[in-house]
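Since the structure is predicted, the reported quantities are computational estimates derived from the model, not experimental observations.
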Amino acid sequence: MPTLDDILEHIGEFDRFQKQTFFLLCLLSAAFTPVYVGVVFFGFTPEHRCFSPGAAELSQRCGWSLAEQLNHTVPEWGSHGATYSSRCSRYEVDWNATGVSCTDPLGSIVGNRSSVPLGPCQDGWVYDYSGTSIVTEFNLVCEDSWKLDLFQSSVNVGFFIGSIIIGYIADRFGRKLCLLITVLINSVSGVLVSFAPSYTWTVIFRLIQGLVSKGGWLTGYVLTAEFVGLSFRRTVGIIYQLAFTVGLLILTAVAYVLPHWRWLQLAVTLPNFFFLLYYWCLPESPRWLITQKQNDKAMEVIKRIAKGNKKQLPPSFQNFKFEDEDGEKMKPSYLDLVRTPQIRKHTFILMYSWFTSSVLYQGLIMHMGLASGNIYLDFLYSALVEFPAAFILLLTVDRIGRRYPWAVANVMTGGACLVTALVPDTLYWLKMTAACLGRMGITMCFEMVCLVNPELYPTSLRNLGVLICSSMCDIGGIMTPFIVYRLAELWHELPLVVFAGIAFVGGGLVLLLPETKGKSLPETIEDAENMHRYDVSKENTIYLQILSSEGLPK
């Protein structure tokens, strides 16, 4: 008796209908980019200094250049020397006083420059930026700079909580319903962010976005894997993530055109309402319907796929039912992720892999930077590095398998981090090359864990397993700033050494996972438990009982 994969071989594993559906889901993937990394533009912190009343007027009267104005009216930035102006303190003098000299203004006011008292920025700040960000609007600098960290941490907290909730909803009530709910909430909360009247409301609405946006993105990822046949599963998985990279490029262009954060937030949010039309465009996952014993609805989806692919469903497949159709429906349980030995091992290793991918992906961006100092070019270069990673995986995962390219990518990332840390600054080209290789390697790891995670769980646990494991990605996202900035205070390259150790351990652990190349998606917990022994055999999957036109089993 045939499985769903057998039926897809007859009606099209990745034909016209699946390609259209996949394209729609890729749009969803690209739209997730602003929520995940949009803080780079929303929270951009430009060069700034205290606003000193009268300083600008004095500069204009004396005909100073900006550099001269900073030299005369802004104190030095601590131990950074005269090259850097203080961002959080100002001279406590009256620049509007009469008789202020244009050659030595401080000397003419107080006599001894070294004895000039310093004070906080009581009148606000001046930002060297023509646009706006939440930093410039709410003055998230100096003693309030931690509020920018809270702004982004709120998204990661939302990701973490949402991973637990959304995963259960998708496995309990269906992928399509879950996707539509997350799209609606994400769209509304995104618009509310752009109109938020205060910093507090901005954080609250941003938290709500985090609760649903990542869960919706991963639900779309699971749908891509469940709609297509076995031979196309890895291709759609990698391209779905590549759509996220395309979203990085689009976000860069939109941010360049709209340098004001509220307009940018609105521009990247409004297209999300388009995804509500997916109610009429996307069918429910036939694999999920199968596990829920919804035989008639599953058959309707299969016929819809066949019609969309302009294929005829073979007569022997026209009517079918499950064996033990009247049995209890498979309901997801959190305990199922750790109850059996093999799934328990998969869960812990995948959790660590998600954590590793998040810490290194975000950490390398924070630590490396690019010499140009242009926020748009920096972001563009970071995005372009991800394309070679995707193409390498497309060429290797079906020829070599999943485990070995994944392990090599981890080792390459760790080695690149060590080289970047230990090579002297005089060999700048070598450090930058190693840093780029590290970014490419961790991008491959990120894409690989997204690909393999749904392949190791049975259908009834697939969405829950992906979202629970990926919740460690959010924990990593919360911890990364502390790992980077606190360790860098001890030694600038120490975070890279820590990253190398994390990556090397991850490379060894992924070799303990079963190879999923060429294997059908497991339908039952027993299938998932047996993956390390042999290819999932057709005797151990959920079968469709074929009925002849007379209603007799064949």
Fill in the blank from the handout: For Ala390 and Ile238 the tightest heavy-atom approach is O-CG2, 3.8 Å

Handout entry: 4.5 Å side-chain heavy-atom contact, Ser29 and Gln241
Key = no

Practice task
Hey, can you tell me if Tyr361 and Phe446 have their rings parallel, tilted or perpendicular (30° and 60° cut-offs)?
Solution key: perpendicular

Practice task
Please check if atom OH in Tyr199 has more than 12 non-hydrogen atoms from other residues, nucleotides or ligands closer than 6.0 Å.
Solution key: yes

Practice task
Would you check if the side chain of Arg262 reaches a backbone N or O of Ala196 as a donor-acceptor pair within less than 3.5 Å?
Solution key: yes

Handout entry: Arg175 bridged to Glu226 by N-O distance under 4.0 Å
Key = yes

Exercise for the section: Determine yes or no for a side-chain-to-main-chain donor-acceptor pair under 3.5 angstrom, with Thr33 supplying the side chain and Phe244 the backbone. Expected result: yes

Practice task
Report yes if the side chains of Met444 and Asn410 come closer than 4.5 Å at any heavy-atom pair, otherwise no.
Solution key: no

Practice task
Keeping the roles fixed (side chain from Tyr221, backbone from Pro454), state whether a donor-acceptor pair exists under 3.5 Å.
Solution key: no

Problem - CA sep, side-chain torsions, deciding dist, call: Thr443, Phe387, side-chain contact (heavy atoms from CB on, under 4.5 Å) - result: CA-CA 9 Å; Thr443 299; Phe387 284 96; over 6 Å; no

Problem - Thr182 and Lys214 side chains, donor-acceptor separation under 3.5 Å - result: no

Handout entry: Ser154 side chain near Phe159 side chain, heavy-atom distance below 4.5 Å
Key = no

Practice task
Keeping the roles fixed (side chain from Asn453, backbone from Val449), state whether a donor-acceptor pair exists under 3.5 Å.
Solution key: no

Completion exercise
Between Arg403 and Leu511, the two heavy atoms sitting closest are NH1-O, 2.9 Å

Handout entry: Exercise: do Gln18 and Asn309 side chains pair donor with acceptor under 3.5 Å
Key = yes

Handout entry: Test log, rule side chain to side chain donor-acceptor pair (under 3.5 Å), inputs Thr269 and Gln265
Key = CA-CA 6 Å; Thr269 299; Gln265 172 69 23; 3.2 Å; yes

Practice task
Check step by step if side-chain contact (heavy atoms from CB on, under 4.5 Å) holds for Ile239 and Phe232.
Solution key: CA-CA 11 Å; Ile239 296 178; Phe232 291 93; over 6 Å; no

Handout entry: Main-chain N/O of Leu242 paired to Glu386 side chain as donor or acceptor, under 3.5 Å
Key = no

Practice task
Measure the acute angle between the ring planes of Trp217 and Tyr240, then classify it against the limits of 30° and 60° as parallel, tilted or perpendicular.
Solution key: tilted

Exercise for the section: Kindly indicate, with the supporting measurements, whether the criterion side chain to side chain donor-acceptor pair (under 3.5 Å) is fulfilled by Trp354 and Asp474. Expected result: CA-CA 9 Å; Trp354 277 104; Asp474 312 319; over 6 Å; no

Handout entry: Expected output: side-chain Gln209 to main-chain Phe205 donor-acceptor under 3.5 Å
Key = no

Problem - Exercise: identify the closest heavy-atom pair between Glu455 and Pro522 - result: O-CD, 3.3 Å

Exercise for the section: Classify the ring geometry between Phe17 and Phe227 as parallel (under 30°), tilted (30 to 60°) or perpendicular (over 60°). Expected result: perpendicular

Practice task
Could you tell me the separation between the CD1 atom of Ile165 and the OG atom of Ser471, rounded to the nearest 0.5 Å?
Solution key: 12.0 Å

Handout entry: Arg402 CZ to Met448 CE distance, which is reported to the nearest 0.5 Å
Key = 7.5 Å

Problem - Min side-chain heavy-atom separation Thr21-Ile305 under 4.5 Å - result: no

Practice task
Please tell me if the side chains of Leu211 and Ile185 come closer than 4.5 Å, counting only heavy atoms from C-beta onward.
Solution key: no

Problem - Neighbour count >12 (heavy atoms, 6.0 Å) for atom OH, Tyr256 - result: no

Exercise for the section: Check whether any side-chain heavy atom of Ile134 lies under 4.5 Å from a side-chain heavy atom of Leu148, and answer yes or no. Expected result: yes

Exercise for the section: Output the distance between atom CG (Leu289) and atom CG (Asp296), rounded to the nearest 0.5 Å. Expected result: 10.5 Å

Handout entry: Cation-aromatic face contact Lys176/Tyr279, 6.0 Å, 45 degrees
Key = yes

Problem - Separation between CD1 of Ile208 and OG of Ser189, rounded to the nearest 0.5 Å - result: 6.0 Å

Problem - Output field: ring centroids Phe41/Tyr376 closer than 6.0 Å - result: yes

Handout entry: Spacing of SG belonging to Cys178 relative to CD belonging to Glu284, to within rounding of 0.5 Å
Key = 9.5 Å

Practice task
Mind checking the CD1-CG spacing from Ile349 to Leu509? Nearest 0.5 Å is all I need.
Solution key: 5.5 Å

Exercise for the section: State whether the side chain of Gln292 and the backbone N or O of Gln294 hold a donor-acceptor pair below 3.5 Å, judged by distance alone. Expected result: no

Exercise for the section: Return yes if some donor-acceptor pair links the side-chain N/O of Arg206 with the main-chain N/O of Val35 below 3.5 Å, else return no. Expected result: yes

Problem - Considering all heavy atoms, the nearest Leu28-Gly216 contact - result: CD2-O, 3.8 Å

Handout entry: Closest approach of Pro458 to Ile343 (non-hydrogen atoms, all atoms of both residues)
Key = CD-CD1, 4.3 Å

Practice task
Tell me, with the steps shown, if Glu13 and Val228 meet side-chain contact (heavy atoms from CB on, under 4.5 Å).
Solution key: CA-CA 5 Å; Glu13 292 185 285; Val228 302; 5.9 Å; no

Handout entry: Residue pair Ile502 / Leu360, side-chain heavy-atom distance below 4.5 Å
Key = yes

Problem - Over 12 foreign heavy atoms within 6.0 Å of CE, Met351 - result: yes

Problem - NZ/Lys297: more than 12 non-hydrogen atoms of other groups inside 6.0 Å - result: no

Exercise for the section: Answer yes if the ring centres of Trp288 and Phe173 are under 6.0 angstrom apart, and no otherwise. Expected result: no

Handout entry: Leu350 side chain near Tyr457 side chain, heavy-atom distance below 4.5 Å
Key = yes

Exercise for the section: Could you label the plane-to-plane angle of the Phe355 and Tyr352 rings as parallel, tilted or perpendicular, counting under 30° as parallel and over 60° as perpendicular? Expected result: tilted

Problem - Side-chain donor-acceptor pair present, Thr396, Tyr404, cut-off under 3.5 Å - result: no

Fill in the blank from the handout: Checking Lys310, Gln20, Lys311 against Asp15 for side-chain hydrogen bond (donor to acceptor under 3.5 Å, both in side chains), the one that qualifies is Lys311

Problem - Backbone N/O of Cys473 and side chain of Ser358: donor-acceptor pair under 3.5 Å - result: yes

Problem - Residue pair Phe275, Leu27: steps toward the side-chain contact (heavy atoms from CB on, under 4.5 Å) verdict - result: CA-CA 9 Å; Phe275 301 132; Leu27 296 179; 3.8 Å; yes

Practice task
Grab the two heavy atoms, one from Arg439 and one from Ile442, that are nearest each other, plus how far apart they are.
Solution key: O-CG2, 3.4 Å

